[in-house]
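Structure first, commentary second.
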Amino acid sequence: MVDNLTIVLPLQLILFQILFLLVAIALEARVLHLRLNLTRKTSVQYATSLNLWSVVLGWLTFLVLETLLPQFLRVQIVNFIFFDHPLGSQLNTPNPQLISIGIMIFFFSFIIKIIGFELIKQWIHDQPEQFEMSSDISNKRPGLFNQPKRKITNPKPNPAFALLLANAYSYSAILLILVLRFMELNILELNTLF
Amino acid sequence: MIRKILNNIVNWVNNLLRTIFEIFNPDTAFSWQTLIGLSVFSWAMSFLATNLFTIILASFSWWFLILGVYWATTSNKDISIGKILLSPWITGALVTIYIVGIVTGELPAYALVIWPLISAIIAALPTCLGENFKPKIPDRDKRQPLVWLFTSQLILSSWFQFYFLVQDWLVQYPTIAADTFEKSAFVVRLSTDESRQRLPRGTTILDLVASRLEEQLNNQEWSDIEQILLLREREQLIEQIDQIATQVRQEIASPDIKEDNLWKVRLGEISLRESGYNLELKAFWEGPRSQTQANLLTKSCQIISVNRQTDIGISLVSQVECDPVEGWRVAEPIVTSQSPTL
């Protein structure tokens, strides 16, 4: 089948995927640790599972979509993967199609992570280890002045919001890396011009 | 001195023989060496057996080999990366070869896609099997590692899948290989030998179209030719070229290659030359490419008039000659950065 002389390996893809996974796990573990009152270890474990899970579902979606796409869209993807921009688009400028696809991927992965969080909780079959709630609130006599403070210091853990926030953090970091790469490419291009 | 070296060599051979002997002569019969031995034995026997027994013995040979290798690699804690034993992946490779071999009768490279998944199942087995190999729900502290195991192996499998997808694309759109993809964030080309780089497929299309056109315009009455090349008859010529291009595409069509409809063949300029006309054919590549504009190939054909002896006398007929295809990655002009100095 491979009669051509070109051997093409997806090395950058693998390196970028590993880098993004590490960044996402680190950032999301921190958010989960702070927002869901999980121990550090549990939050890292959860973040790892969630991110691996969302990458797997992302891959499955991509591989299935690729077989279903009509040619003009497939050619766009091929062009993006080989030449770093959609077919016929202006080089070196942010592309609206790409940005909207990025936003879609963000919300898609958010939903995937909520589902994944529930599934993992079910699978592990117990509540994740949580910090013992600090008891300083209960020591105080509940009263008119204590109530607003109580809401701030003891927020009810909200997994969906925590996951949205975690997702936002990791995607921002990944976006930053991509922007840096984009700028570096442009600078290299300028260098070759002069 | 020589004696010392000889002594060393003898010692080394001695040790090697002893280790080999120890490997093949284990302390108890219940060991992986026995299984490997059984595997070799039934493999050898399968040559002697006939028909069905060949298959059965060969299968037995495989199963003994798989179990033996699993035992050997699990018992040896050195075969590992960090804390992760490589045993499931080594055994998984054998199981993959066995299963794929049975199902397809050969070993396609595609088997790489299922190798991580089979290895993950093998790695998960010990935690999912209780005493006497009864299935059980894994212990609580083993559950999350199982999630990591299966998801990471699925990702690995997706990478292999992506590799094959990229190779498929290169077969379906061979012209990509004629371009440069240094800027890609996904893939890297390993063979960078420029001289062996492919020609864009458009050269074939353009050559064929030109030769058809040559056949049709050759040896015609010169007045007919001039009629055809007239500006007001241009529509007809364009249509003719379109028809030829469609025909050529159908002729060279292959089920693997999907890029032919992305090549657009157009009539370029027709200009006067001293003894005839110059007709230009252009092929635009509108498929995946590194530049924004469509890549362009050109081929120019000279149509000149010659005298030919016929039954009724000497008549003026046309003669068409075409140059090789020029343009993108085919015959790029040699650019010299320095002007020649005297």
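Convention: sequence-line order gives letters A, B, ...; per-chain numbering from 1. Computed from a predicted model, the values in this text were never measured in an experiment.
Atom CH2 of B/W159 is separated from atom CG of A/L9 by 13.0 Å, given to the nearest 0.5 angstrom. Between the CG atom of B/L165 and the CD atom of A/E66 there is a distance of 4.5 Å, given to the nearest 0.5 Å. Put simply, CD on A/Q45 and CZ on B/R143 are 13.5 Å apart, with the number rounded to the nearest 0.5 Å. If you take CZ on A/F83 and NZ on B/K183, they are separated by 11.0 Å, rounding to the nearest 0.5 Å.
No part of B/F150 comes within reach of chain A, as not one of its non-hydrogen atoms sits under 4.5 angstrom from that chain. The contact between B/P138 and chain A is made entirely by side chain atoms (from C-beta outward), counting heavy-atom distances below 4.5 Å. Neither the backbone nor the side chain of B/D256 comes within contact range of chain A, judged by heavy atoms closer than 4.5 Å. No part of A/L119 comes within reach of chain B, as not one of its non-hydrogen atoms sits under 4.5 angstrom from that chain. Contacts between A/F82 and chain B at a heavy-atom distance below 4.5 Å involve backbone atoms as well as side-chain atoms. Using a 4.5 Å cut-off between heavy atoms, B/Q293 makes no contact with chain A at all. Heavy atoms of A/L50 lying under 4.5 Å from chain B are absent altogether.
Residues A/F80 and B/F186 bring their aromatic ring centres within 6.0 Å.
Here B/V188 is the residue among B/V188, B/V166, B/T151 with the most heavy-atom pairs under 4.5 Å with chain A. With chain B as the partner, the residue from A/L178, A/I14, A/V78, A/T48 showing the most heavy-atom pairs under 4.5 Å is A/I14.
Put simply, the side chain of B/R140 does not reach to within 4.5 Å of the side chain of A/W123, judged on heavy atoms. Using a 4.5 Å cut-off on side-chain heavy atoms (C-beta onward), B/L154 and A/W53 make no contact. Side-chain contact between A/P10 and B/F160 is absent, with no heavy-atom pair separated by less than 4.5 Å.
Chain B is approached within less than 4.5 Å, heavy atom to heavy atom, by A/V55, A/V56, A/W59, A/F62, A/L63 from residues 55-64 of chain A, ordered by number.
The backbone N or O of A/T42 lies less than 3.5 Å from no partner atom in the side chain of B/Q144, so there is not a single donor-acceptor pair. Between the A/H85 side chain and the B/Q291 main chain, no donor and acceptor come within less than 3.5 Å of each other.
Atom CD1 of B/I81 is surrounded by 12 or fewer heavy atoms from other residues, nucleotides or ligands within 6.0 Å. No more than 12 heavy atoms of other residues, nucleotides or ligands lie within 6.0 Å of CD in B/E269, so this atom counts as exposed by the packing criterion. The number of heavy-atom neighbours closer than 6.0 Å to CD1 of B/I84, taken from other residues, nucleotides and ligands shown, is 12 or below. No more than 12 heavy atoms of other residues, nucleotides or ligands shown are found within 6.0 angstrom of CD on B/E182. More than 12 heavy atoms of other shown residues, nucleotides or ligands fall within 6.0 angstrom of atom CZ in B/R249. Other residues, nucleotides and ligands place no more than 12 heavy atoms under 6.0 Å from the CD1 atom of B/I137. When the shell of 6.0 Å around OH of A/Y169 is examined, it contains 12 or fewer heavy atoms from other residues, nucleotides or ligands.
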Passes side chain to side chain contact (heavy atoms under 4.5 Å, CB included), B/I155 versus A/L52? Steps please.
CA-CA 8 Å; B/I155 293 172; A/L52 288 174; 3.6 Å; yes
Can you check side chain to side chain contact (heavy atoms under 4.5 Å, CB included) on A/L87 and B/R289, steps first, answer last?
CA-CA 7 Å; A/L87 189 60; B/R289 56 187 185 267; 3.6 Å; yes
Let's go through B/L262 and A/F72 carefully: what are the C-alpha distance in whole Å and the side-chain angles of both, what is the deciding distance for side chain to side chain contact (heavy atoms under 4.5 Å, CB included) to 0.1 Å, and is it a yes or a no?
CA-CA 10 Å; B/L262 297 169; A/F72 77 99; over 6 Å; no
Walk me through it: do A/S49 and B/W148 pass the test side chain to side chain donor-acceptor pair (under 3.5 Å)?
CA-CA 6 Å; A/S49 301; B/W148 305 333; 2.7 Å; yes
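Evaluated for a side-chain contact (heavy atoms from CB on, under 4.5 Å) with B/F181, the options A/D84, A/N79, A/V8, A/I81 yield exactly one hit, A/V8.
The heavy-atom pair separating B/A185 from A/Q12 by the smallest distance is O-CB, 3.2 Å. In terms of heavy-atom proximity, B/P288 sits nearest to A/V75 at CD-CG1, 3.6 Å.
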